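Input: a single structure, listed below in structure tokens.
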Amino acid sequence: MMDCKIYNELKSHSRSVKSFHVPGHKNAKTFRSKFPIADIDVTELSYSDNLASPAGAIEEAEKDIAELLGVKYSYLLTDGSTCGIMVMMYVASRQGRKIIMPRNSHESVWNACKILGMEPVVVQGKDNEGVMMPPDPAELETLVAGDETIAGMLCVSPDYYGNIAPLKEYADIMHRYGRLLLVDEAHGAYLGLSKSPDYAGNYADIWTDGAHKTLPTLTQGAVLSLNEDKLLAAVEDALGIFRTTSPSYPIMASIEFGVKYLAANPQLAEQARAAVEAFKQDGTVKTYESADWTKLAVDCSVADISADIAEEALEKKGIYPELSDGRYLLFYLSPMVLPKDLVKLKAQLIKILSNKKLKGTYEAKPVMAPVARTYSFQYAVKRPCEYVLLDKAEGRMAATNAGLMPPCIPLVIAGEKITKEHIKIFSKANSTFGLVHGRILVVKNQ
């Protein structure tokens with residue numbers, strides 16, 4: 001039996017506690033009948049430990065997690081990987097005012113740049129079958145060799161589509177020049193438990209795992225890890241700034257459970273991976289090939305069917321993908337996926353992708369070439385700005401990032417000029433970010 005210290009401590013007191021503390025639901029019967037987890041939803045009490053200065057079950061859980069991941073230090077986060085990214089960026093801001101980051105970085109990385117005043121040095125990988133690849137290591141060496149103000153690089157690995165970045169090459173370059181390698185591993189928490197050579201912990205100075213994405217963990221559960229003692233003080237300082245002062249005890253307990261459960265049951269990942277390989281084996285459903293088996297991206301373009309329309313058809317059958325980007329339907333898997341469910345999914349996909357009534361609905365999206373930047377990100381976000389209608393925005397400088405949602409990769413970044421192509425894509429999009437009622441934020445003309 002697993003020793004889940006946080007959960008066990010909470011459960012051992014759950015029936016005997018009379019709540020004269022927060023939260024306000026007081027574990028009342030009416031509330032608990034709809035939210036059974038209420039009995040372990042507590043605050044910092046004498047038995048429950050304190051995430052800000054752990055000395056009991058939380059401290060023991062963090063040490064256990066670090067040992068299972070094979071690292072020196074691991075920290076529980078109940079604010080998602082976003083909190084971990086903020087912490088990593090804060091540490092980097094102590095060492096330089098610029099950070100190399102790929103264009104497909106998460107929204108939280110751009111927000112951290114705004115908050116911390118860091119200038120993003122944007123790099124963009126090549127297009128592969130409509131998916132942006134990790135940037136070329138050679139480009140990174142040129143950048144750091146020529147600019148001492150670059151603190152290092154924050155990279156995404158794996159990304160939404162399962163691409164694994166060349167972390168060893170990145171680490172070799174960054175460390176050769178005395179810079180940091182930070183990894184947003186939100187989409188690959190399972191890698192550390194499977195002892196994968198692609199695990200960020202093999203190469204990065206600091207990295208963040210979104211436990212809730214691929215482990216049996218409640219939403220917002222994440223883990224921040226590092227091996228460098230010299231960064232410890234800055235990390236703990238940042239945790240005090242960015243972590244909530246009211247952490248969720250159920251989320252903390254579920255992170256510990258998720259890590260320990262998969263560590264104790266490695267066969268689950270093996271079975272799920274084998275089921276994914278069986279799904280792909282006969283090639284009747286074309287998928288985007290990546291190194292991450294938990295990302296199953298079905299290419300609808302070969303059937304000449306819009307992925308958006310295929311998604312609607314699946315949802316009528318009670319099947320909900322992670323996202324559709326127009327070409328790919330992305331199914332986000334984990335070691336907890338059941339092989340029989342993948343068999344059912346494939347059967348439904350074959351029916352939809354062979355439906356003659358849906359043929360001809362696919363429309364290819366243009367590939368956006370790297371944009372030459374005239375002004376810096378920091379210049380654009382700090383200048384006076386205004387909203388303008390999309391059709392009036394051509395040639396104006398974006399004052400914020402804007403793009404399509406999903407997959408939330410910015411089409412235009414603050415400091416870049418808005419083009420006809422941008423406007424055309426935004427005008428046809430069903431869901432966007434950075435736009436408000438058909439208007440986009442631009443730098444005011446002086």
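Everything numeric here is computed off the predicted structure, so don't read it as measured data.
- Counting heavy atoms from C-beta outward, Met153 and Leu180 have side chains that stay 4.5 Å or more apart.
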Item checked: Working for salt bridge (Lys or Arg N to Asp or Glu O under 4.0 Å), residues Glu59 and Lys63 -> CA-CA 6 Å; Glu59 180 185 36; Lys63 286 181 178 178; 3.8 Å; yes
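- In this structure, CH2 on Trp207 lies 15.0 Å from CD1 on Ile85, to the nearest 0.5 angstrom.
- Looking at Asn104 and Tyr161, their side chains never bring a donor and an acceptor atom within 3.5 Å of each other.
- Under the 3.5 Å distance criterion, with hydrogens and angles disregarded, a donor-acceptor pair is assigned to the side chains of Ser74 and Ser225.
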Note to self: What verdict does the salt bridge (Lys or Arg N to Asp or Glu O under 4.0 Å) test give for Asp64 and Lys260, after you've listed the backbone C-alpha separation in whole Å, the side-chain angles of each residue and the deciding distance to 0.1 Å?
What the structure shows: CA-CA 9 Å; Asp64 287 350; Lys260 290 182 174 179; 2.8 Å; yes
Notebook entry, point to check: Going through the distances and angles, do Leu226 and Lys72 end up as a side chain to side chain contact (heavy atoms under 4.5 Å, CB included)?
Noted result: CA-CA 6 Å; Leu226 70 151; Lys72 275 191 176 182; over 6 Å; no
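- Within a 6.0 Å sphere centred on NZ of Lys195, heavy atoms belonging to other residues, nucleotides or ligands number more than 12.
- Centroid-to-centroid, the aromatic rings of Tyr190 and Trp293 come within less than 6.0 Å.
- Under the ring-ring contact (aromatic ring centres under 6.0 Å, His included) criterion, Phe35 pairs with Phe31, sequence neighbours left out.
- Side-chain contact check for Ser376 and Gln378: no donor-acceptor pair (N or O, by modelled atom type) lies under 3.5 Å.
- Rounding to the nearest 0.5 Å gives a distance of 8.5 Å between CG of Leu353 and CG of Leu358.
- Counting heavy-atom neighbours within 6.0 Å of Lys351 NZ, excluding the residue itself, gives a total of 12 or less.
- Ring pair Tyr160/His187 is tilted by interplanar angle, where 30° to 60° counts as tilted.
- For the atom pair CD1 of Ile352 and NZ of Lys357, the computed distance is 14.0 Å after rounding to the nearest 0.5 Å.
- Partners of Ser290 under the side chain to side chain contact (heavy atoms under 4.5 Å, CB included) rule, at least two apart in sequence or in another chain, are Asn163, Tyr288, Asp292.
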Checklist line | Worked check of salt bridge (Lys or Arg N to Asp or Glu O under 4.0 Å) between Lys359 and Asp304 | finding: CA-CA 5 Å; Lys359 300 288 184 180; Asp304 197 21; over 6 Å; no
Next item on the list: Give the intermediate values and the outcome of side chain to side chain contact (heavy atoms under 4.5 Å, CB included) for residues Ile418 and Glu394.
Entry: CA-CA 5 Å; Ile418 299 166; Glu394 184 182 352; 5.8 Å; no
Check: So Tyr199 and Val71, side chain to side chain contact (heavy atoms under 4.5 Å, CB included) or not? Walk me through it.
Finding: CA-CA 11 Å; Tyr199 177 46; Val71 303; 4.0 Å; yes
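- Panel note: side chain Thr208, backbone Leu224; no donor-acceptor pair is recorded below 3.5 Å.
- Here the NZ atom belonging to Lys420 is positioned 13.0 Å from the OG atom belonging to Ser427, to the nearest 0.5 angstrom.
- Taking the six-membered ring where the residue is Trp, His422 and Phe426 present tilted rings, their angle falling between 30° and 60°.
- Note that Lys295 lies in the cation-pi zone of Tyr332, set by a 6.0 Å cut-off to the ring centre and a 45° limit from the axis.
- In terms of heavy-atom proximity, Met118 sits nearest to Pro120 at O-CD, 3.4 Å.
- Across all their heavy atoms, Ala291 and Ile164 have their closest contact at CB-CG1, 3.6 Å.
- Minimum interatomic distance between Ile99 and Gly152 (heavy atoms only, all atoms of both residues): CD1-O, 3.5 Å.
- Heavy-atom neighbours of Glu139 CD from other residues, nucleotides or ligands within 6.0 Å: above the threshold of 12.
- Within 6.0 Å of the CZ atom in Arg97, the count of heavy atoms belonging to other residues, nucleotides or ligands does not exceed 12.
- With Arg103 as reference, Ile413 is the one residue of Ile413, Val156, Val123 to meet the side-chain contact (heavy atoms from CB on, under 4.5 Å) rule.
- Rounded to the nearest 0.5 Å, atoms CG (Asp184) and CE (Met101) are 10.0 Å apart.
- Heavy atoms of other residues, nucleotides or ligands lying less than 6.0 angstrom from CD of Glu107 number 12 at most.
- In this structure the side chain of Arg327 never reaches within 4.5 angstrom of the side chain of Cys300, judged on heavy atoms.
- Ring geometry for Trp110 versus Phe377: interplanar angle of 30 to 60°, hence tilted.
- Here the closest heavy-atom approach between residue Ser196 and residue Asn202 is recorded as O-ND2, 3.1 Å.
- Leu116 CG to Arg94 CZ: the interatomic distance, rounded to the nearest 0.5 Å, is 10.5 Å.
- Between the side chains of Glu236 and Tyr75, at least one donor N or O sits under 3.5 Å from an acceptor N or O.
- Looking at every heavy atom in both residues, Leu140 comes nearest to Ile173 through C-CG2, 4.4 Å.
- Remark: Lys168 fails to qualify as a cation-pi partner of Tyr203 under the 6.0 Å distance and 45° angle criteria applied to the six-membered ring.
- When the salt bridge (charged side-chain N to carboxylate O under 4.0 Å, His left out) test is applied to Arg176, the partners found at least two apart in sequence or on another chain are Glu141.
- Side-chain contact check for Glu289 and Thr287: at least one donor-acceptor pair (N or O, by modelled atom type) lies under 3.5 Å.
- Using a 4.0 Å cut-off between charged nitrogen and carboxylate oxygen, Glu386 and Arg439 do not count as a salt-bridge pair.
- The main-chain N or O of Glu119 is never found under 3.5 Å from a side-chain atom of Lys98 such that the two would form a donor-acceptor pair.
- Between the side chain of Ser157 and the main chain of Ala165, a donor-acceptor pair closer than 3.5 Å is present.
- If you check the side chains of Ser324 and Asp308, you find a donor sitting under 3.5 Å from an acceptor.
- Open room surrounds CD on Glu148; 12 or fewer heavy atoms of other groups in view lie less than 6.0 Å from it.
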Note to self: Between Val91 and Asp237, does the side chain to side chain contact (heavy atoms under 4.5 Å, CB included) criterion hold? Intermediate values first, please.
What the structure shows: CA-CA 9 Å; Val91 173; Asp237 185 28; over 6 Å; no
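- Between Leu404 and Asp325, every side-chain heavy-atom pair lies at or beyond the 4.5 Å cut-off.
- Scanning both residues, Ile6 and Met252, for their nearest heavy atoms gives CD1-O, 3.9 Å.
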